[in-house]
Amino acid sequence: MAITLSGDQALPGPPLSSRLTPAQVWGIALLAPYLLVFLAFVVYPVCYGLWLARAPSNYVALYNDPIFARAAVNTLIFLVIGINIKMLIALFLSGFFAQQRTWIRWLSVIFILPWAVPSIPTILSVRFMLNPEWGMINHYIFSLTGDDGPNWLNDPTVALTMAIAVHIWKSLPFWTLILMTGRLAIAQDLFEAAEVDGASWWQKFRFITWPSMQTLYITCTLLSMIWTLGDFNSVYLLTGGGPADLTHVLSTLGIRYLRLDQLSLAMASIVCAIPFVLPLMYFMMKRLSR
């Protein structure tokens, strides 16, 4: 802001630091490191990845690659089956763990361990258990039946099914905990009144629990779709994309191209997931803004 005296003469206004309150100065000082980290580790990598994937020839090469088409189909299967089964199981398990019993509380501690433990040791332990030669599962099958167990990760359909099962097992405790908090927020007077009226458990769920949790359930489902789309560990640590690169999803396909020293194709394969993510983010933010 300038102070005009006469004619074309003007004096400069006070500096910016004098126009800010101490609280505003502290706010800018504390916010600046976060902005620098965000620019360095989020904005710059994303922009650099988009720049690497800018050439139309990259997407032509992806279109002509049968592994990319298979990965896109696997991603769709992974999302549709994994999310719906996971959220339905979490919805009903949330009612089980919401009960006020001591043994259920102890069981909930064990139930939450797969989510609390890091992904690398847990998923690799499942991979070792599924080993056809010395894995624990085939060992028990042989001891009970006398027959060799199947080669779990050598068949693409079975391997992808195992990857979906591992994803459900790993993330199920988190969503069960979130939905359980939604159940506990429902007024117990409603259930007591319904019980006096002779309502069954299904009627309580249909007319009390579900209407109260519908918004939370849909929001969690949308958020789960975004996270599942970027789930790298469940597939890569268990199958490595094999056999014959037939269990890749979009989140792991980029690693295949990186191993082939095709950085631009790796970035382009990740960019192809953006049309899946943006609508999900839009609908989720729209629901949260209500």
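The shown structure was predicted, so the numbers you read here are calculated from the model rather than taken from an experiment.
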Connected via hydrophobic side-chain network under 4.5 Å: Met267 and Phe68: no

Donor-acceptor contact present, side-chain Lys170 to main-chain Val117, <3.5 Å: yes

Crowding at CD1, Ile120 (>12 non-hydrogen neighbours, <6.0 Å): no

4.5 Å side-chain heavy-atom contact, His167 and Thr228: yes

Closest contact, heavy atoms only, Leu237 versus Ser119: CD1-O, 4.1 Å

Minimum side-chain heavy-atom gap Tyr257-Asp65 below 4.5 Å: yes

Any side-chain heavy-atom pair of Thr221 and Trp175 under 4.5 Å: no

Lys NZ or Arg CZ of Arg206 over Trp210 ring: under 6.0 Å, within 45°: no

Distance, nearest 0.5 Å, that separates CD1 of Ile81 from CG of Leu79: 10.5 Å

Minimum heavy-atom distance Pro156-Thr247, with the two atoms named: O-CG2, 3.6 Å

Any Tyr236 side-chain heavy atom under 4.5 Å of Ile123 side chain: no

pair Leu238-Trp152: side-chain heavy atoms closer than 4.5 Å: no

Taking every non-hydrogen atom, the tightest pair across Asn84 and Val80: ND2-O, 2.5 Å

side-chain contact (heavy atoms from CB on, under 4.5 Å) between Tyr217 and Gln214, worked out: CA-CA 5 Å; Tyr217 182 85; Gln214 184 177 7; 5.7 Å; no

Single-linkage hydrophobic cluster Leu253~Val60, side-chain heavy atoms < 4.5 angstrom: no

Other residues, nucleotides, ligands: >12 heavy atoms within 6.0 Å of Phe142 CZ: no

Pairwise side-chain contact, Val158 with Leu153, heavy-atom cut-off 4.5 Å (strictly under): no

Side-chain donor/acceptor of Asn138 to backbone N/O of Pro150, under 3.5 Å: yes

In one Ile/Leu/Val/Met/Phe/Trp/Tyr side-chain cluster, 4.5 Å: Trp169, Phe111: no

Aromatic ring pairing Phe96/Trp103, orientation class (parallel under 30°, perpendicular over 60°, tilted between): perpendicular

side-chain contact (heavy atoms from CB on, under 4.5 Å) between Val235 and His248, intermediate numbers included: CA-CA 7 Å; Val235 176; His248 274 299; 5.6 Å; no

Leu76 with Ile168, same ILVMFWY side-chain cluster at under 4.5 Å: no

Any donor-acceptor N/O pair, Ser234 side chain to Val166 backbone, under 3.5 Å: no

Minimum side-chain heavy-atom gap Asp189-Glu192 below 4.5 Å: yes

Side chains of Leu260 and Arg256 in contact at under 4.5 Å (non-hydrogen atoms): yes

Arg183 (side chain) donor-acceptor with Leu91 (main chain) under 3.5 angstrom: yes

